[in-house]
Amino acid sequence: MLTRQGHTADTGLIFDIQGHSVHDGPGTRTTVFLNGCPLRCSWCCNPEGLFARPVVMYRQSKCKCCGDCLAACPTGSVRVVDGKLTFDRAVCDACQTHACVQACLNEAVVESGKYYPIEEVLRILKRDRQFWGSNGGVSFSGGEPLMQQAFMGNLLRQCKKLEMHTCVETTSCLPTDYYLDVLRYVDWVFTDIKHMAPTVHKELTGRDNTLILHNIEALAKADWDGVIMPRIPVIPGRNDSEENLMATVDFIKRIGLDAVNILPFHRLGESKYRQLGRTYDLENQESPTDETMQRLKDMVQSRDVFCLVGWETPF
């Protein structure tokens, strides 16, 4: 049973759970997407995960303009302007009732983010376990899954008791003591290194990278036998210079790691910004070509660091 209470050690805010995932760690996995993130990356492909509460998303293609959501809204924040449904996002994003969601029978107005008791998450993972095979497991993504500290600590401990292989996709932008402690229950860590220059990193994400790099290095040197896979999201003109790439590779080598995963920028999350009433700042951003990604791979491997490109990984 789902609940509307806030997240605690026993209840977490989750915006999606995907079975049969093959891109989020070794083998076939179930990926759990949790709300909350300390960064505000302009290319974020899961903007619904940036909210620390459930939010309304409007899918115009499904809307029949029946008016049911207008009648249900207790604040009058849903209106029709020039024949189109509009939402006063300053009010809607703070709404506690989401009555419009309950009123819409066409699934045009939906709620992103639900509070799951830990028992329900574990039930889903136990159900899916038969499909993972010998190399699979559960991955936690977001947002930043580790933002919900009490819940994730509890959930990861429970997963390890059940001998589930665990993977986390993290920003590493978290308090160091907590970060190192909770990752004791994790077998595989994906962590982004978005830019090596602190000032540029702050321009791209809203935070500098001091804590991030410190935590990655601390984990690499910790008494822990998990796998760390650094990732570089490649955004042309923003972080794909040879200078930045080589600085990243040098950092990876210096802390004792020997592999990196480079991911080409894509706009697959663009429609979500419209559904949230937000502007997508990178709508004109080009994706790197295959030739560019190969060139970057060759540069990385010239420094004796193994380079995986995109999602075609030998996990």
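Throughout, residue positions are numbered sequentially from 1 according to the sequence presented.
Between the side chain of Asn244 and the main chain of Met196, a donor-acceptor pair closer than 3.5 Å is present. With hydrogens and angles ignored, the 3.5 Å screen pairs a side-chain donor or acceptor of Thr166 with a backbone N or O of Asp187. A donor-acceptor pair under 3.5 Å is absent between the side-chain atoms of Trp43 and the main chain of Pro233, judged by distance alone.
Donor-acceptor pairing under 3.5 Å is lacking for the side chains of Glu169 and Ser139. Under 3.5 Å, the side chains of Lys194 and Asn209 contain no donor-acceptor pair of N or O atoms. A donor atom on one side chain and an acceptor atom on the other are found under 3.5 Å apart for Thr210 and Asp208. Judged purely by distance below 3.5 Å, without hydrogens or angles, the side chains of Tyr179 and Ser172 pair a donor atom with an acceptor atom.
The cluster map of Ile, Leu, Val, Met, Phe, Trp and Tyr, joined by side-chain heavy atoms under 4.5 Å apart, puts Met152 and Tyr185 in the same cluster. Leu39 and Phe33 are not part of a single hydrophobic cluster, where members link through side-chain heavy atoms under 4.5 Å apart.
Around the CG atom of Asp177, the shell of radius 6.0 Å holds no more than 12 heavy atoms that belong to other residues, nucleotides or ligands. Environment of CD in Gln294: crowded, with over 12 heavy atoms of neighbouring residues, nucleotides or ligands closer than 6.0 Å. Within 6.0 Å of CD in Glu242 there are 12 or fewer heavy atoms belonging to other residues, nucleotides or ligands. For Lys160, the NZ atom is densely surrounded, since the number of other residues' heavy atoms within 6.0 Å is greater than 12.
Salt bridge annotation for Asp258-Lys253: absent, with no cationic side-chain nitrogen under 4.0 angstrom from a carboxylate oxygen. The existence of a salt bridge linking Lys221 and Glu217 is confirmed by a sub-4.0 Å separation between a basic side-chain nitrogen and an acidic carboxylate oxygen. For Arg29 and Asp128, the salt-bridge test fails: no basic side-chain N is under 4.0 Å from an acidic carboxylate O.
Listed by first and then second residue, the salt bridge (charged side-chain N to carboxylate O under 4.0 Å, His left out) pairs that reach into residues 84-103 are Arg89-Asp93, Asp93-Arg278, sequence neighbours excluded.
Distance CD1/Ile124 to CD1/Ile17: 4.0 Å, rounded to 0.5 Å. Going from atom CG of Asn239 over to atom CZ of Phe265 covers 11.0 Å, rounded to the nearest 0.5 Å.
Taking a 4.5 Å side-chain heavy-atom cut-off between Ile, Leu, Val, Met, Phe, Trp and Tyr, the cluster of Val55 extends to Phe51, Met57, Val110, Leu276.
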